[in-house]
Amino acid sequence: MRKPVFALVDCNNFYASCEKLFRPDLRHTPVVVLSNNDGCVVARSKEAKALGIKMGVPVHHIKAEIRRYGIQVFSSNYTLYGDMSRRVMTTLEALAPKVDVYSIDEAFLDLTGIDRVVSFEDFGREVRNTVYQNVGLPVCVGIAPTRTLANYAAKKYPATGGVVDLTDPDRQRRLMAQVPVEEVWGVGRKLSARLQTMGIVRALQLADTHLATLRKQFSVVLERTARELNGVPCVPWEDVPAPKKQIMCSRSFGQPLQKLSDLEEAVAHFAARATEKLRGDQQYAGELMVFIRTNPFNTAAPQYSRSASVKLIQPSQDSRVIVQQALSLLRPMYREEFDYAKAGVMLGELVEEAGRQEDLFQAAPEQAPDSGRSERLMAVMDTINRKSRATVYMAREAGPAAYAMRRGHLSPAYTTCWDDLPKVR
DNA sequence: TCTGGGGTCCTAGGACCC
DNA sequence: TCTGGGGTCCTAGGACCC
């Protein structure tokens with residue numbers, strides 16, 4: 001049997017790199033990109049990292065640094081990042097036989113058994129150069145027998161020119177001896193804290209821990225991680241992306257809301273957006289959940305957090321049905337004495353059209369007078385809204401601007417909107 | 001003033017069945 | 001001096017990832 005070999009291709013500081021790509025004047029300027037609602041930092045250029053700006057820090061905590069160092073701040077521009085991501089992935093698909101897109105800025109390549117006229121390292125360099133030439137974005141490439149090893153190979157050794165070949169077991173162990181355990185893929189804050197109390201502080205120590213102990217004291221997940229560090233693949237390969245199991249739309253409000261009518265507008269809006277995504281995936285939802293909550297960071301204020309869910313008799317992708325159900329879940333949860341900071345709608349029990357169960361008490365589709373009407377109406381709405389965002393919406397939604405995200409530093413849609421094309425003078 | 005949003009998987013425990 | 005055993009399904013909660 002051929003030994004498995006995976007490459008992880010990871011875009012460096014992806015969002016920040018996308019912003020810099022269209023602003024050559026910022027080549028050496030520290031850049032940060034903010035989360036939705038301009039809340040906290042979710043991407044940093046290497047200059048910003050060098051200044052000690054931490055991932056996830058609320059932007060209002062680093063106001064002084066932004067001013068002092070002239071850090072350039074951007075709101076998240078997912079239209080731009082999504083399009084750049086698509087270009088990177090298309091390039092990768094031309095370079096490797098099997099590509100598993102893992103996230104907006106990462107993909108695994110299955111290199112098992114490819115004819116190796118060049119070394120893995122040369123292959124990695126070719127990937128880097130081609131992506132840079134075609135798209136203009138820098139990537140790191142880690143190559144190893146398992147994804148967990150490839151993952152930290154790609155992320156942790158930019159000093160090697162962005163390509164690390166970890167197929168050699170001795171090299172794996174040498175590098176693992178230096179990697180802190182919390183940097184291993186699958187080991188987060190909680191697990192690393194517990195591991196450290198057991199004296200496990202390096203990746204290599206985790207790899208050498210007795211597997212049954214890990215399973216017993218933690219779970220099968222950590223056991224798998226340890227196996228992967230030892231070169232035994234445990235993460236299944238996804239040739240086609242698995243269909244989504246839930247779809248969520250939620251948002252923190254710019255200002256706290258008190259009135260039921262305001263919450264209704266927000267929840268109606270989230271329900272409509274979630275249902276739009278649902279139709280985009282050509283799925284139907286069998287269940288929906290609505291939640292509302294106060295601001296947990298405001299510890300002085302009384303806290304309130306509720307969620308409610310309902311199963312639909314017949315799975316639906318009709319915004320009218322979902323919005324109406326969401327509102328009837330919201331109303332009994334509402335208490336007027338609280339300041340609400342966030343709400344959301346989650347759709348679950350998603351099914352493909354073909355597997356949809358019909359309502360036993362409904363007339364047969366060919367006899368039902370409105371058969372297909374819902375689908376046609378929604379299709380018309382989506383078509384109009386694709387051309388011009390939020391032109392048609394449910395009456396209960398406040399309107400296009402009411403729950404717009406705070407995005408005070410948004411860059412233009414350079415690649416997806418004619419009006420925003422960069423101009424060459 | 002000000003702390004994101006959207007996902008996945010696993011486990012434990014309870015209800016229920018025979 | 002003792003109170004079965006095995007199975008499924010569901011839910012809530014915890015952990016992780018980007």
Side-chain angles (χ1 to χ4, degrees), chain A residues 8 10-16 32-44 54-64 66 73 75-76 78 81-82 85 101-108 147-148 151-152 154-155 181-195 214-225 228 234-236 238 241-256 270 273-274 277-278 281 287 289 291 293-299 305 307-309 311 339 341-350 403 405-409:
Chain A
L8 174 66
D10 183 78
C11 299
N12 303 348
N13 320 322
F14 182 56
Y15 298 169
V32 298
V33 180
L34 306 183
S35 62
N36 286 334
N37 259 331
D38 288 350
C40 40
V41 172
V42 292
R44 307 153 294 158
K54 294 273 183 285
M55 182 72 173
V57 67
V59 66
H60 66 269
H61 285 184
I62 56 162
K63 277 202 144 158
I66 290 172
V73 178
S75 302
S76 291
Y78 286 104
Y81 312 150
S85 173
V101 177
Y102 178 72
S103 75
I104 194 166
D105 71 332
E106 288 167 285
F108 289 100
R147 300 196 193 207
T148 304
N151 196 288
Y152 79 69
K155 295 189 181 185
V181 73
E182 67 265 25
E183 287 176 15
V184 172
W185 194 43
V187 179
R189 236 182 40 245
K190 293 283 168 79
L191 282 179
S192 65
R194 278 180 65 196
L195 285 167
L214 290 178
R215 185 174 202 142
K216 208 167 151 209
Q217 302 207 8
F218 296 88
S219 77
V220 67
V221 185
L222 193 61
E223 184 194 346
R224 279 203 290 250
T225 297
E228 286 244 326
C234 300
V235 183
E238 308 273 354
K244 264 187 253 168
K245 297 181 175 173
Q246 52 182 232
I247 287 177
M248 175 121 100
C249 182
S250 71
R251 200 80 68 221
S252 301
F253 309 130
Q255 300 291 323
F270 301 152
R273 291 292 76 70
K277 291 187 207 174
L278 185 71
D281 288 356
E287 186 192 19
M289 192 269 269
F291 72 87
R293 66 163 169 75
T294 51
N295 180 2
F297 297 102
N298 186 1
T299 45
S305 170
S307 72
S309 62
K311 291 203 194 305
D339 287 344
K342 182 172 180 174
V345 172
M346 208 175 85
L347 305 177
E349 310 245 298
L350 306 189
Y403 291 98
M405 258 185 277
R406 210 165 21 198
R407 297 206 288 188
H409 310 275

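Nearest heavy-atom pair across A/Leu350 and A/Lys244 is CD1-O, 3.6 Å. Closest non-hydrogen pair, A/Lys342 versus A/Arg251, comes out as CG-O, 3.2 Å.
In DNA chain C, consecutive stretches of 3 or more Watson-Crick or G-U wobble pairs with both distances under 3.5 Å are given as paired ranges: B:5-18 with C:5-18.
Distance noted for atom C1' between B/dC16 and C/dG4: 16 Å (whole Å).
In terms of the side chain to side chain donor-acceptor pair (under 3.5 Å) criterion, A/Arg293 has no residue partners (sequence neighbours excluded). For A/Arg147, the salt bridge (charged side-chain N to carboxylate O under 4.0 Å, His left out) test picks out A/Asp100, with sequence neighbours left out. For A/Glu223, the salt bridge (charged side-chain N to carboxylate O under 4.0 Å, His left out) partners two or more places apart in sequence, or in a different chain, are A/Arg215, A/Arg227.
Ring-centre distance between A/Phe270 and A/Phe291: not below the 6.0 Å cut-off.
A/Asp38 and A/Ser75 form a side-chain donor-acceptor contact under 3.5 Å, judged by distance and modelled atom types alone.
B/dC2 atom P lies 10 Å from atom NE2 of A/His61, rounded to whole Å. Put simply, CG on A/Asp38 is 12 Å from P on B/dG4, counting in whole angstrom units. Rounded to whole Å, the distance from CG on A/Asn295 to C1' on B/dT1 is 12 Å. At whole-Å resolution of the value, CG in A/Asn298 and P in B/dC2 are 7 Å apart. Between the OH atom of A/Tyr81 and the C1' atom of B/dG4 there is a distance of 13 Å, rounded to whole Å.
Between A/Phe108 and A/Tyr102, the ring-plane angle classifies as perpendicular under the 30° and 60° cut-offs.
When atom types are taken as modelled, the side chain of A/Ser219 and the backbone of A/Val221 share a donor-acceptor pair closer than 3.5 angstrom. Judged by distance alone, with hydrogens and angles left aside, the side-chain atoms of A/Glu228 form a donor-acceptor pair with the main-chain N or O of A/Val235 at under 3.5 Å.
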### Summary
Per-nt protein contacts along nucleotides 13-18 of chain C (heavy atom under 4.0 Å; B base, S backbone sugar-phosphate only, - none) come out as --SSSS
### Message
Across nucleotides 5-10 of chain B, 5' to 3', mark each nucleotide with B, S or - according to how protein heavy atoms within less than 4.0 Å reach it.
### Response
SSSBSS
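Where A/Arg215 and A/Phe297 each meet DNA chain B at their nearest nucleotide, the meeting point lying more 5' is that of A/Phe297.
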### Task
Assess whether side chain to side chain contact (heavy atoms under 4.5 Å, CB included) is satisfied between A/Arg44 and A/Asn13, documenting all intermediate values.
CA-CA 6 Å; A/Arg44 307 153 294 158; A/Asn13 320 322; over 6 Å; no
